Number of protein chains: 2
Amino acid sequence: MPEKVTIADVARHAGVSRQTVSNVLNTPEVVREETRRRVLDAVEELGYRVNQAARQMRTGRSRLIATRIEPDRDGINGSVLDRFLHGLTESAARAGYRVLLYTADDDTAEIATFADLLGAYEPDAFVLTGTHHGDIRTSWLLDRGMPFVTFGRPWGVPDGTPHAWVDVDGAAGTAAATRHLLDAGHRRIGFLGWPAGSGVGDDRREGWARTLRAAGVDPAGLDRATSDGVDDGEAAARELLESDDPATALVCVSDSLALGALHTVRSPGAAAPAEHRAGPPVAVIGFDDTPVAKAVGITSLSQPLAEAAASCVTLLTRLLDGDSRPSGSSGDPHPHVLLQPSLVVRRSG
Amino acid sequence: MPEKVTIADVARHAGVSRQTVSNVLNTPEVVREETRRRVLDAVEELGYRVNQAARQMRTGRSRLIATRIEPDRDGINGSVLDRFLHGLTESAARAGYRVLLYTADDDTAEIATFADLLGAYEPDAFVLTGTHHGDIRTSWLLDRGMPFVTFGRPWGVPDGTPHAWVDVDGAAGTAAATRHLLDAGHRRIGFLGWPAGSGVGDDRREGWARTLRAAGVDPAGLDRATSDGVDDGEAAARELLESDDPATALVCVSDSLALGALHTVRSPGAAAPAEHRAGPPVAVIGFDDTPVAKAVGITSLSQPLAEAAASCVTLLTRLLDGDSRPSGSSGDPHPHVLLQPSLVVRRSG
DNA sequence: TTGAAAGCGCTAACAC
DNA sequence: GTGTTAGCGCTTTCAA
């Protein structure tokens, strides 16, 4: 165990009082230049580091940000949150915070963990992922005045933004994908999505539909809703490709569905009826640019996850430091950031 | 912010002194049954939780386990550590610990982070991943007597185990894969591996070679070493499949290489010379059972990651609690756990 | 078995 | 600009 160096050691070494050391660390501008230098040298020399626990007891701030690590549901899309988590850890560290992990199987369990954590480790803030309609987690935190940011919009909340959030513009993503396909000459562009009701899924569907309409194509009958499995995508794609007026390209709400679609497209004989087969291959575009998309060569929409994480930390620090400012002086109390995904073009489209 | 409930509140509510509450929490056996009940009720009623910071100041234990989150190098194999991390968070929570995250670009940076963390948050232990020959991180921690466990063996350390570790038996995995292929009638089973020198890679190669030899097949000329890219795997597989006496099956050190190999195998015309084409398709087995393997249908070796994480926590708690025991009474000071991977059979082999 | 006192390392207030 | 004092919430002596 490294010898414990306290503020008293530094004070003694620098020939000042303990308080002066504390001042140098927390309010340097109040200390004379020369004294500060001396103290800083002592800090360096002794390898001193403020003890969080002691500081926390005094200030009530733990410099800890808590977030949930997901159980990696389907394996394919799971990697998105892992990348976000990595970015969060990095950005947080840069801002002087550390990330504390927890797991929870559902919202109720997550709220129980909030209470647990707040009683014990007292994280300064939470970062929530996977927001959805009627999210009880946000209201719980809001009720208690706990600072937090969500990665994901507050879906289905009528007016105003009840809290700070960061999100990626899914509709803009699928719109870009659809436009890309239109530019390539496709007209009948289908959509493989999730059942209506999920904020993220509906948003992504909307981007596709809107773009198709703008190009004078009626999206009716061109989309299928299904759960997020590779097999589901395969089946849904088959429906769209075997209809009387088959789609020639597919925009998918996820890489899982895109992979399934690709199976259909590439499987000999399963695709469009014979008279339509002559044309170019059916294009497929996924969402999230997961390792699977990379490996299999699926064109996909990439989310700027490191940037999203950095934005979360920025909003959070603003929230935490803004706390002390007179209310109303720190601008928008519930700022948000909407980032744009980018299309990564590969063989599939 | 939830109202802060302290031990004093509980004491008042239960009509006892503060110490009695502390005793109930820390050494329940020393308190009279009835008093304990009363205190526990008060705890429940008030929603009291011990404050970590205060406890830590007193005891010096933070109940924090620090570990690194990886930058998800190639995307395919990255998911392994994410799954481990999830398991670690879960197991740690069960044991009353939380996981603190950090990032580091290399061993030196990681050691700097150790020092940082130890000075500030004082984690009780570290969990290290990705051990390798001449790992300077372990010696640093060893020198300072910091408790830690590695997920990965201490490679290249001559005798004894210098520290607690958990690992998955890679050689046993590739041996099982090879045996599986032998049972299917294959004889010329190739190996796609990493360049010699990596502990993990060499171990996995050894399992393959050993099993082949036991079956009377000379492994010479049947293996290729390459870096861990899909394209690398594709090229290396081509070499092995286009030789005069081509391999009919391939065991791969990773799913990335297996995916590349599969590209070669499935690409029409690129595989074996014409006279050999008649036989069954070339089998391919990967390692790590990543989402990509699942999605593409690659037979692969699955690591019991949740179990590995749980083992890490078990060893750690033993280490941390054993501290107080008289030395020598707690059995093996550097225990280790070697887990077996399991073969997940899919279309590719 | 329970209570009183001390102090972990730090910082906010105030005095010098 | 610098030093003194007090106390955050807890546990660890020690005494009752």
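Every chain is numbered from 1 and lettered A, B, ... according to where its sequence line falls, protein lines coming before strand lines. Keep in mind that this is a model prediction, so the values were computed, not measured.
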Quiz item: Mapping B/Arg36 and A/Gln52 to their closest nucleotides on DNA chain C, which lands nearer the 5' end?
Solution: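 Nearer the 5' end of the strand: B/Arg36.
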Quiz prompt | Comparing A/Ser22 and B/Val30 on DNA chain C - which has the more 5′ nearest nucleotide | solution =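 Its nearest nucleotide being more 5', the pick is B/Val30.
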Using a strict 4.0 Å threshold on nitrogen-to-oxygen distance, state whether [X] and [Y] make a salt bridge.
X: B/Arg37; Y: B/Glu34; answer: no
X: B/Arg49; Y: A/Asp116; answer: yes
X: B/Arg12; Y: B/Asp9; answer: yes

So if I take every side-chain heavy atom of [X] and compare against [options], which nucleotide ends up nearest?
X: A/Arg58; options: D/dT12, C/dA12, D/dG9; result: C/dA12
X: A/Arg32; options: C/dC10, D/dG1, C/dT2; result: D/dG1
X: A/Asn51; options: D/dC10, C/dG9, C/dT11; result: C/dG9
X: B/Ala54; options: D/dG9, D/dT12, C/dT11; result: D/dG9

Quiz item: Taking C-beta and beyond as the side chain, do B/Val127 and B/Thr150 meet within less than 4.5 Å on heavy atoms?
Solution: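 B/Val127 does not reach B/Thr150 side chain to side chain.
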Quiz item: Hey, are the side chains of A/Glu122 and B/Gln52 touching, using non-hydrogen atoms and a 4.5 Å cut-off?
Solution: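 Of all side-chain heavy-atom pairs linking B/Gln52 with A/Glu122, none is under 4.5 Å.
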Quiz prompt | Test ring-ring contact (aromatic ring centres under 6.0 Å, His included) applied to B/Phe126 and B/Phe148, B/Trp140, B/Tyr97, B/Phe114, the passing residue | solution =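 Exactly one option meets the ring-ring contact (aromatic ring centres under 6.0 Å, His included) with B/Phe126, and it is B/Phe114.
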Quiz prompt | Donor-acceptor side-chain pairing of B/His13 and B/Asp41 below 3.5 angstrom | solution =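 No, no side-chain donor-acceptor contact under 3.5 Å.
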Quiz item: Is it the case that A/Arg55 and A/Asn26 place a side-chain donor and acceptor less than 3.5 Å from each other?
Solution: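 Their side chains do contain a donor-acceptor pair, which is all the 3.5 Å distance test asks for.
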Self-check item: Helical bend (five base pairs per end, nearest 10°) for the helix from C/dT1-D/dA16 to C/dC16-D/dG1
Solution: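 Rounded to the nearest 10 degrees, the bend comes out at 40°.
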Would you mind reading off the distance between [X] atom [atom1] and [N] atom [atom2], rounded to a whole angstrom?
X: A/Glu34; N: D/dT2; atom1: CD; atom2: C1'; value: 13 Å
X: B/Arg61; N: D/dT12; atom1: CZ; atom2: P; value: 11 Å
X: A/Asn26; N: D/dT2; atom1: CG; atom2: C1'; value: 16 Å
X: B/Arg55; N: C/dC10; atom1: CZ; atom2: C1'; value: 20 Å
X: A/Leu25; N: C/dG9; atom1: CG; atom2: C1'; value: 12 Å
X: B/Arg49; N: D/dC10; atom1: CZ; atom2: P; value: 13 Å
X: B/Ile7; N: D/dT12; atom1: CD1; atom2: P; value: 11 Å
X: A/Glu33; N: D/dT2; atom1: CD; atom2: P; value: 11 Å

Exercise. Map B/Asn23 and B/Met57 onto DNA chain D by nearest heavy atom, then report which one ends up closer to the 5' terminus.
Key: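 Whichever sits nearer the 5' end wins; that is B/Met57.
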Quiz item: Within the pair A/Thr59 and C/dA12, is there a side-chain N or O less than 4.0 Å away from OP1 or OP2?
Solution: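 Looking at the OP1 and OP2 atoms of C/dA12, neither is under 4.0 Å from any side-chain N or O of A/Thr59.
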Quiz item: OP1 or OP2 of C/dG9 less than 4.0 angstrom from a side-chain nitrogen or oxygen of A/Thr6, does that happen here?
Solution: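 For A/Thr6, the contact criterion (side-chain N or O under 4.0 Å from OP1 or OP2 of C/dG9) is not met.
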Quiz item: Would A/His336 and A/Trp165 count as a close aromatic pair, with their ring centres under 6.0 Å?
Solution: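 Yes, the ring centres sit under 6.0 Å apart.
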Exercise. Using the test side-chain contact (heavy atoms from CB on, under 4.5 Å), find all partners of B/Thr129 that sit at least two apart in sequence or belong to another chain.
Key: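 Testing B/Thr129 for side-chain contact (heavy atoms from CB on, under 4.5 Å), a comparison that skips the adjacent residues, returns B/Arg68, B/Glu70, B/Leu81, B/Phe84, B/Phe151.
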Quiz prompt | Residues touching DNA chain C, which here means a heavy atom under 4.0 Å, drawn from residues 14-21 of chain A | solution =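 Heavy-atom contacts with DNA chain C come from A/Arg18, A/Gln19.
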